[in-house]
Every structure is written in structure tokens, then in C-alpha cells.
Amino acid sequence: MNERRKPYPFDRLEPKWQTIWDETRAFHAPNPREESFDPSKPKFYVLDMFPYPSGAGLHVGHPEGYTATDIVARYKRLRGFNVLHPMGWDAFGLPAEQYAIKTGQHPEITTRDNIAKFKTQLKRIGFSYDWEREINTTDPAYYKWTQWIFLQIYNSWFNPETKRAEPISSYRGDDPDNIRLAYVAEVAVNWCPELGTVLANEEVIDGKSEVGGFPVVRRPMRQWMLRITAFADRLLDGLDDLDWPLSLKALQRNWIGRSEGAEIEFQIDGTSDSIRVFTTRHDTIYGANYMVLAPEHPLVDRLATEDRRAEVAKYREQVAAKSDLERTDLAKDKTGVFIGACAINPVNQEKIPIWIADYVLMGYGTGAVMGVPGHDERDLEFARKFNLTVLPVVQAPGKPPEESIGFLEDGVAINSPIINGLATPEAKKKILAWLEEHGVGRADVRYKLRDWLFSRQRYWGEPFPIVWEDGKHSALKETELPLEPPPLEDFKPTGTGEPPLAKAKDWIRYSDTATRETNTMPQWAGSCWYYLRFCDPGNDKRFVGEEPERYWMGADNDEARMTNDEGMTKHEAVAGSSFVIRHSSLRANPGGVDLYIGGVEHAVLHLLYARFWHKVLFDLGYLSKPEPFQRLVNQGMILGEDNRKMSKRWGNVIDPLDVIEIYGADAFRCYEMFMGPLEQMKPWSMKGVEGVSRFLARVWRLMMTENQAGEWELSTALQDAEPTKAQQKITHATIKKVTDDIEALAFNTAISQMMIFVNAFTNSEVVPVSAMRTFLVLLNPFAPHITSELWQQLKSPGEITQQSWPAYDEAVLVEDEVEIVLQVNGKVRDRITMPLDSTSEQLEAAARANEKVRNAVGSQTIRKVVVVPNKLVNIVAA
RNA sequence: GCCGAUGUGGCGAAAUGGCAGACGCAACGGACUUAAAAUCCGUUGGGCUUAACCGCCCGUGCCGGUUCGAGUCCGGCCAUCGGCACCA
């Protein structure tokens, strides 16, 4: 069987150019003070979400985003930018550890092998990364600084006055451990028995672990938490000025889940205890005729009356036995028990019974709600189930009170003495004022966001730089970093919740009286700041040098420091004018990572966590900008040819290296970009790759022909000739279209235009070299290998990677004649050619004289004529 | 239920409110070839009409609106996908 004939020799020239780029450091981005640094060049930081190097190697999803950023990086270099385009490895994580448990091979070895494989594969696609900046989160020289940043967080608190993270030294209270941004707390955590570790809320999907899909149960444990909730408002406000997909901003906003309402205090009848509830509908308080506590609420034990105790205990047991999944699954049917005690409704002094029910969650608000069955679906369901009275207190527009039950929107208050007749917003204000006046309530804001559960019971992660003594934790000294994990033979989780590191008895012992923390950090820790490390990866004095950080992360002018998003939340500031000024100046002065492309799956994980760390480091004065990623784009998923998600199960997985073997890296890159819009989900098609490969082969044959001996040589059609007018026009039109499309990340249409260009030159007897050189530069970011080779074959000066991006001349694009569309009543009747810039009168006259127009108008009267110069004439007749 | 995205040929898709379907795939026809592959040239939304040319009608999920003119803007539905989900 003959070897499949290659349409052009990509198998030779692609490795050739990859070697040249490596050897000439073609894509090294110099830092300030480096010899080759050119201060006159503007910077551009274009970043990929660095991969977890799994054993399976690259799949076609990775290179989609990577190709997009590579095109932008190469394009920006040609436009004279100093481009930071780095790559690295997010290499701590469960798969390597689980593999280690199965095979006994140390995760370090697995990780090293996997990285080597990934790197080879990425290089084979021809990405223009600055490999001198490669980083690896499992490298002690890297995680030294992950640990160091953790200590910054540990040694900080959130000052509610300034709304900033500040060093713990500025705290004047008596128990600093209570207010640290990294703290230890006993909380009901997500415990995954199968994985033997706890997980963050963000890592639990439908009651199952995101990794592996194993069941997760609630279990109280002492764990490290990061106080991300303190930053909820700033994380929310910061989104406004970011150039991110709206859907992604919505995901984060949703996840943070801010709601404004009131906290109201209810006295417990016959005791001095009180219970606070949170509500967003304080205007409905007159309808509150019972109260519900979460079964885990700490006051339940105290408040339950003797005769109800057995019942209460039984219910609490039942609830505790349910997994999260069951608890939400059985959501339809309300359950609960009366605990015997009553509360007093502060507005009317009515005694209302207190229940516990699992539809109230301990984790949100105060773990207690006032039951307003008239205007809350869940409360209504509960009241109906247990035959509690239902009183309408908000009248729906156009409906009588009795039909307003179940009405959830804003209406008019009824059956509510203080606020009767008031529209909901006013009613809320008045009730709140009343509650405040009587000292039983205040305005309050609550979030769905929980503090970040930051410890894991794993081996393959960053150890905490923390020691324990007498039940108290303290930080390691900076000089003791990096703290490396102990060498372990047995990585298995203990199953008890005790971390594997606890098995290393020698390692744990810090001194005669102190022991090391044995938990490790979650996989997300390393990726929270890797984009900063890329700015200065070799620095062993600082996590990132000040000057490289200022240069690459954007702001070396004063304006940025003055216009950060901090100090006041937007919700407060919006009342004053300062917000408007700040808002516009932020927009005018973007910074940070200029373009960040990656999958949407990190919406409420990496992208939220990294923003949080960034803000802490910003507050502490280490960073130039309050936000890390100015512009973010999510690439769409690539499906299998059968339109299903690629998976082994369906046998529809495409291996990029197989594709490159047959069609070459350039064709692979171009096809991934030609498939459709970057952000869109789209199915793979081998036929499509073939089509793009044909296009590149046509580019090749435009300049090269095969001689008798089967060798490629320069085509004789190539000449130092002046391009014809038509050739010039198409060349300039292509420059314009490709330039605009790259800026808009519309790579599919850029490639279409280049296909049109090539089609126009195919079969030309004379192919002007100048037009070809221009074209090669345009195509270079997409297909860097073939264009580099052809550039050299054409004996062009220098390297193609060092050319400047062509400019187009608008004048060349101007036509002397234009086609005018003739419409009658909006329907196209004919097309005529007219001189450019014909007057409206000339166009109208030509239209009226046109035979097809006259036929279409017939005996009707012309009512109106719309003329769009150089475009169309529409005759309105009736 | 809430939030978000998407609906255009046989398929992937184009289209600053102004010629719907660019470009590519597939299909069909032709040239080259002993033949095939490769390559090049052409046709290709649906329908009606015509011997043929010509000519006409319909068409961007559905219904309505704004406009001289709507795939595009507005209102209301439907469907598919993604996220959140007893969040008070």
C-alpha cells in the first residue's frame, strides 16, 4: 500500500520551523531591564487557561482556545507589541494521586511524564509560547509562593470600615484568629467518602463530586476556610467593568447571590431568647403567622418543649440521615414538626408557633424564616400541609384580597395596619424604619456564596505552612518555605477524614510541642495566581517582581491606582456621583491580562477564586490592578462527528495528533478556527479538515510547482509584476477583512476571506510576488509553518515572524461603479450599475426608467421613493 | 421555577435595518487520465411556468408589531442546550 501522498510537504517543513523557532528564541518576550527589551513597544498579555496534564494527553478541545490565543499573539507581535504568551501546568490534583494509589507510582513521576507528553504535543501544533516562562504548580520553587500567598491571606483581615484586606496588625480586637481571612472552623462540610476528602461547594454538582461523580454527604468537620464572603460585594461590583461574556457574569452573580432585605428579631414567648430571621419581604410581616427553623438550628434544643422533644429529636435524626441529594430530591413534599415554643411577631405581638423543617437551610440567612404562607410558595405549601392559616397581606393588581394568595410580586399592602395601601417598595421602607425605631430589625444583605472550604485530605497538594501548638495555629516563617510534603509510600486516604500526611510521623513533628498541619490545599490554589508568576517566573525573592508585574499586569500610571474599585461598594457609591467618574475611568484604562480564553466550566471555580486572591493581594499593595482578567472569552465545546459530547463511551474522540499526522498542524489549526464562531459549540468533521487542508495546498501550489523529479520548486507564474487593479483590490479587501476579524476574534470569516483571495489568484498566469508576500503575512498567525516556508522560498527579506502587519489603503477599495438594487415596495426587482456617488436624482430617475420596475409598479401610483446613495432605490407604490 | 444562550439549505455556517445562504463540506455534471486518485471548471434553498431562454411565487422556529424595507429592532409564544435550584 502506497503512503498517502501529501498535498504539500507539511511533514518536513512543520518540524523544521518548530526547531528554528526554538533555537532562535523567536517568541521570547523580554521583561523590562532585559537586554532585548524595547520600551517603545506596547505590551499585550494573552493567556490560556493552563491545562491539568492528564495521562490521556491533549484532546481537540484544548487546542481550540490555544489556537485562538496563538493567532492573537502572533498577530499582535506583527503589529509591534511585546507579547506575553506563556504556558504552564496546573499539576496538583486527584488523577495523579489516584493513579499513584492504584499503581504505587509516585505522583511526581506521573506528573513529570504527563507534562513531557503534553509539551511535546503542544509544540507539534506550533504554538508560539515563550517556553522560557513555563511554570509548574507542583514545583517547590512555584508552590513556595503559593504557600507564601496563603500566609498573606492568613495574616490579613477584612476591615469592614475600609472594606479592604489589611494586615492583621491593624486589627485592634482581642481575638485575631476570629477575623483572619484564612481561618479554621467547624462547619458542615461536603465530605466525599469515595475520594476520602472534603470538597468546596463549587466542586459539588447535584450532590456528587465534580471529579468522579461520587456521592457527597454533609458532615461537621474542622477545616480551613478562606473568607471569600467578605469580598462578595467587590467581586460582584468588579464584574461591571470587565469585558466578559454576559452569561459568565450572570453565572458569577448568581453564584454570589446577593439579596437585600431585613434581619428581624422575634422574641420567644415566655423566655428571654430571641430568634433572628432574614427576609427580603419584610413588607409581608403581618402575614407571618408561624416561624420555621432549620433542623440544625442551635436554639432548637433549648426551645423545644418537654412534650415535643421526642418528636423533634426523631425529625432531626431523619434529616441528618439524608444526603444532600435526597434532601433536595424530596423537595416536593414538605415535612416538619412543631417544637412547642412560640415566637412573638414584633409588629402585632401575635404568638406564632415555631416549627423545624428541612426546607429551611442552616447555611443561608440566619437559618430561620418567618412563615408567610400568603406570599411565599414554599410557606404556602407548608401551611397547607399542616393546616396553618393563610392571610393575604399583599393585594395583586386588579384582584380581590382572597385571590391574592400566592401572589409573589410587588403589589399593595393590605391587612397590615402600619403600611396598608402602600406599594411594596414603600411598604418595605416604612416597615424597616418602624423595626429600626423599635430596635427589632435592620436592613441586611445576604449572599448565597459561602466561605471557601480550603483544606483537603490529600497527599498531592501544597502542604499548609502552619504549625499547631496547644490547640492554636501559627504561621511558618517565610524562610521555612517552601514546605515540601513528606515522602510517602502509601498515598491512600485514611477514610476517617484524617489526611494521608498524618502518616508521616517524623514530618509532622515540628518541635517537642508543635506539630504540622496535615491538610493540603485544593487544586485551585496554584491556579489562583499563576498568571502573575508568568510575568516573572524565575524570581526567587518575590512571588512576582514589582516592575514586571507593573509592566505586564497593566498599570504604570497613577490613574489606575486612583481609580481602583475599592473603598466603597458600588451599591453605596451609586447614590453619589463618584461612581460615575470611577466607572468611566476604569473603562478608559483597562489592564491586567488583556485577553484570557478558556472554558466556561471554571466560571464559579477558578475565575472566582483567582479574582478573590487577586483582590487580597491588591489590597495588601502587591498588585497594580484590582482585577486580573480584563477580557475573557469562553471557547465553545467541540463535539464528536455524531454531535455528541466526545467520550470514550461513544467512541467519537478525536486525537489531535492523529489529525496532524494526516493533514499537518497548520490544517488542524485552521480547521479548528474555520469550524464556526469561537464561542459556539460545534461538531467535528474530518471532511471539514480535508477542505481546509485543500485550501492550504492551493496556497502552496500558488507559489510552488512539482517538477518531473517530483520536487517542489518555485512556480514560474510568480513574477515581480505589478498586481492588476483587481488583484490589488482583493489584496486590500483581504487585509481589511482579516485585520478586523482577528480583532473581533472572528477567525472563521477571516479564513473565508483568505480562501476568496486564493480562489481569485488560482489559475492566474501571473502571480505577483508582492501580493503573495502580503498574503503570507496575513495567513501567518493561522498557519505559521507553511507561511514561514513559503516566505523563505520566495527569498523574502528576514523572517516572516519579524515583518510588520500590512496596512490597507481605503482608496484602493473604492469602486468607480456600484451596483444599485432596485426595489418596489421592498422587493428586489432589478440590479443596475451606476457611477459611484450618483446623485439621488440620478438614481431615482434610473429606477423610474427601469423596465422591470415599471412592470412591477404597473398602474399603481408612486407614493414615495427611498434612495440610499450607492446602495439602493426603493419605490413605494400603491 | 429562576437566570443565560441558541433556533437560517442535505451539513458546518455568512450577512453596519438594505441583493438571505459568502466561505467550506456533501452531491451532481464536465475537463485531464488507459483508468482511478489528485487537480481544475461548472451546477446546487424550495416551488410554479417554459421546448428553451425568460418570467413569477415562497423561504431565516411560530404569532403579532415598528419601518419604504426585518434573519437583524420591539412584544408574546414554542423548542433545544447550559447553569442554579426549598437561597427565605
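These values consider heavy atoms only, across backbone and side chains, with no hydrogens, waters or symmetry-generated copies. Here is the naming used below: chain letters follow the sequence lines, and residue numbers restart at 1 for every chain.
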Q: Could I get the full list of salt bridge (charged side-chain N to carboxylate O under 4.0 Å, His left out) partners for A:R276, not counting sequence neighbours?
A: A:E263, A:E265
**Q.** Test salt bridge (charged side-chain N to carboxylate O under 4.0 Å, His left out) applied to A:K385 - qualifying residues, sequence neighbours left out
**A.** A:D333
Q: Would you mind telling me which of B:rC41, B:rC84, B:rA88 lies closest to the side-chain atoms of A:N763?
A: B:rC41
Q) Taking CD from A:E601 and C1' from B:rG83, how many angstroms apart are they, rounded to a whole number? A) 13 Å
Q: Compare the minimum distances between each of B:rC57, B:rC86, B:rA88 and the side chain of A:Y364, then state the nucleotide with the smallest one.
A: B:rA88
Is there any protein nitrogen or oxygen under 3.5 Å from a nitrogen or oxygen in nucleotides 4-7 of chain B, and what are the pairs?
none

Q | A:Y364 and A:F278 aromatic ring geometry - parallel, tilted or perpendicular at 30°/60° bounds | A | perpendicular
Q.
Enumerate the salt bridge (Lys or Arg N to Asp or Glu O under 4.0 Å) contacts for residues 635-646 of chain A, please, sequence neighbours excluded, ordered by first and then second residue.
A. A:D642-A:R644
**Q.** d(CE, A:M370; P, B:rA88) in whole Å
**A.** 12 Å
**Q.** Nucleic acid contacts - residues 441-451 of chain A versus RNA chain B, non-hydrogen atoms under 4.0 Å
**A.** A:K448
Q: Go through the side-chain N and O atoms of A:T229 and A:Y447 and say whether any donor and acceptor fall under 3.5 Å apart.
A: no
Please list each protein N or O that sits under 3.5 Å from an N or O in nucleotides 22-33 of chain B, with the distance.
residue: B:rA22; atom: N1; partner: A:S752; partner atom: OG; Å: 3.3
residue: B:rG24; atom: OP1; partner: A:N759; partner atom: ND2; Å: 3.0
residue: B:rC25; atom: OP1; partner: A:R694; partner atom: NE; Å: 3.1
residue: B:rC25; atom: OP1; partner: A:R694; partner atom: NH2; Å: 2.9
residue: B:rA26; atom: OP2; partner: A:R694; partner atom: NH2; Å: 3.3

Q | A:E202 and A:Y609: side chain donor to acceptor below 3.5 Å | A | yes
Q. When Watson-Crick pairs (N1 to N3 and N6-O4 or O6-N4) and G-U wobble pairs (N1-O2 and O6-N3) count only below 3.5 Å on both distances, what is the dot-bracket string of RNA chain B, with | for other-strand pairs?
A. (((((((..(((.....[....))).(((((.......))))).((((......))))..(((((..]....))))))))))))....
Q. Base, sugar-phosphate, or nothing for A:R701, non-hydrogen atoms under 4.0 angstrom?
A. sugar-phosphate
Q) What residues form a salt bridge (charged side-chain N to carboxylate O under 4.0 Å, His left out) with A:R854, not counting sequence neighbours? A) none
Q: Determine the interplanar angle of the A:Y359 and A:F382 rings, folded into 0 to 90°, and report it as parallel if under 30°, tilted if 30 to 60°, perpendicular if over 60°.
A: tilted
**Q.** Integer-rounded Å distance: B:rA88 C1' and A:L293 CG
**A.** 13 Å
Q. How many Å lie between CD on A:E377 and P on B:rA85, as a whole number?
A. 17 Å
Q) Considering residues at least two apart in sequence or located in another chain, which fulfil the salt bridge (charged side-chain N to carboxylate O under 4.0 Å, His left out) criterion with A:K448? A) none
Q: Calculate the interatomic distance between A:F695 atom CZ and B:rC40 atom C1'; express it in whole Å.
A: 17 Å
Q) When we call it a touch if two heavy atoms are under 4.0 Å apart, what does A:L251 touch: a base, just sugar-phosphate, or nothing? A) sugar-phosphate
Q. Which part of the nucleic acid, if any, lies within contact of A:P245, taking any heavy atom under 4.0 Å across all strands shown: a base, the sugar-phosphate backbone alone, or nothing?
A. nothing
Q) Between A:S259 and A:V828, who's closer to the 5' end of RNA chain B by nearest nucleotide? A) A:V828
Q. In whole angstrom, what separates A:D741's CG from B:rU16's P?
A. 11 Å
Q. Does the cation-pi check pass for A:R611 over A:W255, that is, NZ or CZ under 6.0 Å from the six-membered ring centre and within 45° of its axis?
A. no
Just the atom pairs and distances: protein N or O near nucleotides 52-55 of chain B's N or O, under 3.5 Å.
residue: B:rG55; atom: OP1; partner: A:K852; partner atom: NZ; Å: 3.1

Q: Could you walk me through whether A:E260 and A:K428 pass salt bridge (charged side-chain N to carboxylate O under 4.0 Å, His left out), step by step?
A: CA-CA 11 Å; A:E260 286 182 34; A:K428 279 184 183 173; over 6 Å; no
Under 3.5 Å between N/O atoms: give me all the protein pairs with nucleotides 68-74 of chain B, atom names plus distance.
residue: B:rC68; atom: OP1; partner: A:K864; partner atom: NZ; Å: 3.3
residue: B:rC68; atom: O2'; partner: A:N874; partner atom: ND2; Å: 3.2
residue: B:rC68; atom: O2; partner: A:N874; partner atom: ND2; Å: 2.4

**Q.** Nucleotide B:rA88, atom P - distance to CG of A:L408 in whole Å
**A.** 12 Å
Q.
Is B:rG9 syn or anti, taking syn as a glycosidic angle within 90° of 0?
A. syn
**Q.** 5′-ward residue of the pair A:K827/A:A697 relative to RNA chain B
**A.** A:A697
Q. Which residues satisfy the side chain to side chain contact (heavy atoms under 4.5 Å, CB included) test with A:Q823, sequence neighbours excluded?
A. A:V821, A:V828, A:L872, A:N874
(Q) Quick check on A:E377: does its CD atom have over 12 non-hydrogen neighbours (other residues, nucleotides or ligands) under 6.0 Å away? (A) no
Q: Grab the CE-P distance between A:M681 and B:rC81 for me, whole Å please.
A: 10 Å
